[in-house]
Every structure is written in structure tokens, then in C-alpha cells.
Amino acid sequence: MPDFKTLQATYPKDKDYPERTFRLAALERVLDGTLYDELEHPFGEERNGAGEYITLAQRRPSARTRICRTVVNDSTSLLFSEGHFPAIECVDEVTRDALTKLVGETQLNEVMIDAATKGSVGSVAVLMRVLRQRLFFSVMATKYLTPEWDEQAPDTLLRVTERYKLKGDALRDAGYTIADDELTLDFWFQRVWDADAETWYLPLKKSDADQKPPIAPTPDPARSTTHGLGFVPIVWAKNLPGGDQVDGVPTLPLEAIDTQIEADYLLSQGGRGLKYQSDPTLHIKEPAYQDGGPAIVKGAANAIITSSDGDAKLLEISGDAASAVMDWVKGLREIALEGAGGNRANADKLSAAQSGRAMELMNQALIWLADKLRISYGQRALLDVLNMIVQAAQKFELLDRKRRPVGKLSTTEDIGLRWPQWYAPTYADKLTQAETLDVLRGSGLISQETAVKSIAQAYDIVDPVDEIRQILAEPPPPNSAAAKPPKEPLGNSED
């Protein structure tokens, strides 16, 4: 059976691209399930046209476990799904409300899920555009992107260059003027984002780029735009801590990919054995039947009459082999999930609803993975996106879908994120939390704002400050802590 390194040897490799491009493209194949596409033979094809046996390593598995994609999906869901997207915190309420509104307007949670998924191979870029005073975001894979950083501020982009090859016919379909005799030629497509503009270049024939010295590409003024934002409108997010200046460590470890491949082939082989078991091979010992006998047809209604020296048997396979294969595949899955930090919980073993804390302990490895991803895509990428929005609002009056102003955004206030609990609390969890907050609030150990913020996500409270205003405007319930006289502060009291 092949491993990931063996499969990579079957992928087409273009020497015009750097090694990084090939590495990211190979990991993208694992993510989208196309890692076996270069293998010519399906799994059920055991012999070629010449009758030669086709080894398993040359066949595409018929069953796929998608273990690595499952880990990516689970971890990104814990980051930016509807119940896990962080709330925006800012002292200035106008700025906070405007940013919260823009998050919904631009569907930023969907954008960030896409970014964390595509970035699981190492890195991802989130592009912001302002079109007719409205914000739009798009996610770009980075295998054809090259960032350049400010030497005096290594976390600030100077420019990002996109460069890849296209055939002439694809460029003609995109609206470029390409001669008929150049439709099969390779062209370099290029565009550059910097602090002032998005510059497109006319396609350059590969033969011209290969000259010594190479011919420089010509800017395309018809497609280039000047945004004038004063910063590169791209957030470059590296995946997990580590890696280099450009890419972080991928969510898909190589050992987990190899284990997934092993499980795919074993599962396919197990399915092949079950098919053989349902249609066993007939073995006949000559002389099989009397001369002139009828053709042999397998089935309970068709008896086979053999001679005194002949014999006929069905070569059956024991079902124990299939069970052993499934047990081994389950073991491989456990090993792969443990190495990748995936969810190893088995829903079949849950007899009742579990508390949020119990679910956290059960999925501790997945929580640790998602916690590290919060740093990359939350504390860095998402906050950078929000700060880009604030800076863009100083250049343009941003509008919502109904062409209404979203409000003034302040550049003097720090923006923060308030993350929800990993798993939704049960009613028992909520009761325990309410009793704890009531005691802490009544003892003067926490403020009312802190108490409301701690339960905001569980009770769908969008704005804790507005919620406190409503609480103060209403008379307190008779048994609440607000209706009771405050207790003495903790510490030594005077006699």
C-alpha cells in the first residue's frame, strides 16, 4: 500500500513553481479528497488488458475515511460556527455596535470558517474590498501568493503578489485578446496588492519570461484599481504556531495522512472480501461431470452432477476476516485522530446528555487544537480584519445592504473578542452557574456587567451593556440579589 510520499510522486510537478507551491497543493488534495486521482486503476480492476496483476498501490481505494478532513471540520466548527463565533468587545458602544452589524452584513463567520479550512494546509489570505462603500471579503489559497513584509515591522505587509500560469484559451475566455496561434501556449498571470492599489498586469508569454534578461510584465490600467487605503487590504494568517515566516504548521500531520491512507486501503480490501464472500468461486476437480453434461450454473436450484472421480466445491471466505479488518480500521482511526488532535468521542457510548464540562473533558484533544487555532485565526486574523474595517471607515463612509450608514468607528479604542464556552451548557449547568453568579454578585466579588457577560452567549444576549440598562429599568424580583441588602465585604470586621 502506498504512503503519502509515494502518492506525491504521482502528482504533476511544475519546475516553474517553487517547492512550497507543490507542498501546499499536495496537502490541498488531502483536504478535498483528490489525493488518489492520479492513480489510473479503480480498486476493483485487478488485471490490466494484458492480464497482468495490478498491485494495490496502483489502484484508487473504493472506500474513503476522510479522517484528516473530519479533524479540520471539527476544529473549525469550534472556532467560528454560529454558536462559537466570538462577540466583539469595545469601550465605545458605537464602534462595537457598528462592527457587530458589519460582521452580520459581510457574513464574516462564514468567511472565517472558509479561511480556517483553507488555511489548515499552512496559511491563508483574507482579501477586503470596498465597492460602492460596502465591504466584501474573499478567501484566497496561498500556493500562488507571495507576501513581502516590512523589515522594520515584520507583522506589516508591504505587498502581496499573485502569480500563476494559464493557457491562452483560458485567458481569452476571461476577456483577454489572445491570438489564435497562441491559445495552447502558457502565459503568466500576475497582480499585486500594495498600500495604494491593486495592480493587474497583462498576461506575459512564458517564453518571454524565460528570456535572459526576462521581459517585465506590463501593467493593465483597465483592470487595475487604486483603493488609497494606506495599507495592504489583506490579512495573512498562518495556521498553527511554528513553521516559517510565510506558512504555519498544517493541521494535517503527515503521520495522520499516512494512517488515513492505510485505513482507506484496508477498508477497500475488506469490502472486496465481502463481495467475494457473497459470490464464492466454484472449484471443480476434473473429471467434473459426465461427457456431454449441461453447462454449469451456480445456484441452489441447479445441482452439479460429477463423475465418481470428480468433485466440486465453493471456495467461501470466513466473515471473521471482515470483522478483523473493521476492528483494525477503527484502531487506525483512533491513532490518526490522536496524532491530529481530533474528536475521539464515540456517540454510541453516550447513554444520556452530557454537561458542557463533561464534553470538554471527553474531547480534550480537539479542544487543545481549537484553542491553538483561536490564536491564529481569532486573536490575530479576525482582530486584524476588524482593525482593517475600522481603518477603512476613516477613508469611506461604510454602508449596509440597504445603503444606510453603519455608524462612526473610533480608531482610539482597542477591540477585543469574548469567546463563548466550547460546548453549550445544559439546564443543570445553567442552574449551577446562576447560583454561583448570584453568590459572587451578592458578595460583591464581581460586578453586574461581568456576570451578564459570562452568560451572554448562553442566553443570546447581543449587547451586555444594553441588557444591564434594561435590568436597571425594571424593578428587581423580590428574591433576587439586587432586592437584598448587600452583605458585609470579606475581611476582618470591627467589633
Side-chain angles (χ1 to χ4, degrees), residues 1-11 23-46 53-78 117 120-122 239-240 249-278 317-350 362-370:
M1 299 181 189
D3 56 10
F4 188 48
K5 186 176 181 179
T6 305
L7 288 176
Q8 289 185 76
T10 66
Y11 302 159
R23 173 171 52 83
L24 294 181
L27 289 174
E28 286 179 358
R29 285 175 176 265
V30 180
L31 197 62
D32 58 27
T34 60
L35 70 166
Y36 304 111
D37 283 7
E38 301 303 322
L39 300 180
E40 179 182 356
H41 305 281
F43 198 80
E45 185 177 336
E46 299 182 8
Y53 179 73
I54 303 172
T55 63
L56 293 179
Q58 296 176 306
R59 302 187 226 164
R60 299 187 301 271
S62 58
R64 311 288 177 88
T65 57
R66 302 298 299 274
I67 297 173
C68 293
R69 181 58 190 250
T70 300
V71 174
V72 172
N73 289 343
D74 289 348
S75 58
T76 53
S77 296
L78 282 180
T117 301
S120 62
V121 299
N239 193 53
L240 290 172
V249 174
T251 307
L252 317 173
L254 296 181
E255 58 272 17
I257 299 176
D258 286 341
T259 306
Q260 174 184 312
I261 295 171
E262 177 80 5
D264 289 349
Y265 274 94
L266 278 176
L267 203 58
S268 302
Q269 189 76 334
R272 179 177 169 220
L274 288 176
K275 294 181 181 70
Y276 286 156
Q277 184 180 358
S278 63
I317 300 175
S318 172
D320 295 338
S323 299
V325 169
M326 288 305 301
D327 291 340
W328 179 235
V329 170
K330 291 178 181 179
L332 289 176
R333 182 179 182 274
E334 291 287 324
I335 294 172
L337 291 177
E338 183 178 3
N343 181 4
R344 299 169 59 195
N346 189 345
D348 296 337
K349 297 180 179 179
L350 298 179
M362 189 180 303
N363 300 323
Q364 190 63 66
L366 180 61
I367 296 296
W368 285 336
L369 173 61

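Ile67 and Gln260 make their closest contact through N-OE1, 3.3 Å (heavy atoms, listed as atom of the first residue, atom of the second, distance). The heavy-atom pair separating Phe4 from Leu27 by the smallest distance is CE2-CD2, 4.2 Å. The nearest pair of heavy atoms linking His41 to Ile54 is ND1-CD1, 3.4 Å. Nearest heavy-atom pair across Val72 and Leu252 is CG2-CD2, 3.4 Å. In this structure, Phe43 and Ser62 approach most closely via the heavy-atom pair CB-N, 3.8 Å. In terms of heavy atoms, Pro250 sits closest to Asn239 at C-ND2, 3.5 Å.
Side chain of Arg66 to backbone of Leu31: a donor-acceptor contact under 3.5 angstrom is found. Looking at Ser75, its side chain never comes within 3.5 Å of a backbone N or O of Ala370 through a donor-acceptor pair.
Between the OG1 atom in Thr10 and the CD atom in Gln58 there is a gap of 11.0 Å [rounded to 0.5 Å]. Interatomic distance, Leu56 CG to Arg59 CZ, rounded to the nearest 0.5 Å: 5.0 Å.
Of the residues listed (Pro42, Pro2, Pro61), the one engaging Tyr36 in a side-chain contact (heavy atoms from CB on, under 4.5 Å) is Pro61, and it is the only one.
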Quiz item: Passes side-chain contact (heavy atoms from CB on, under 4.5 Å), Gln8 versus Arg23? Steps please.
Solution: CA-CA 9 Å; Gln8 289 185 76; Arg23 173 171 52 83; 5.8 Å; no

Exercise. Determine, step by step, whether Thr6 and Ile261 satisfy the side-chain contact (heavy atoms from CB on, under 4.5 Å) criterion, reporting the C-alpha distance in whole Å, the side-chain angles of both residues, the deciding distance to 0.1 Å, and the verdict.
Key: CA-CA 11 Å; Thr6 305; Ile261 295 171; over 6 Å; no

Quiz item: Does the side-chain contact (heavy atoms from CB on, under 4.5 Å) test come out yes or no for Thr76 and Thr251, once each step is laid out?
Solution: CA-CA 11 Å; Thr76 53; Thr251 307; over 6 Å; no

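Take Asn73 and apply the side-chain hydrogen bond (donor to acceptor under 3.5 Å, both in side chains) test, not counting sequence neighbours, and it matches Arg69.
Proximity of Leu7 to Leu39: side-chain heavy atoms (C-beta onward) are separated by under 4.5 Å at one or more points.
Ser77 and Asp74 form no side-chain donor-acceptor contact under 3.5 Å, judged by distance and modelled atom types alone.
Surrounding CD of Glu40 are at most 12 heavy atoms belonging to other residues, nucleotides or ligands under 6.0 Å away.
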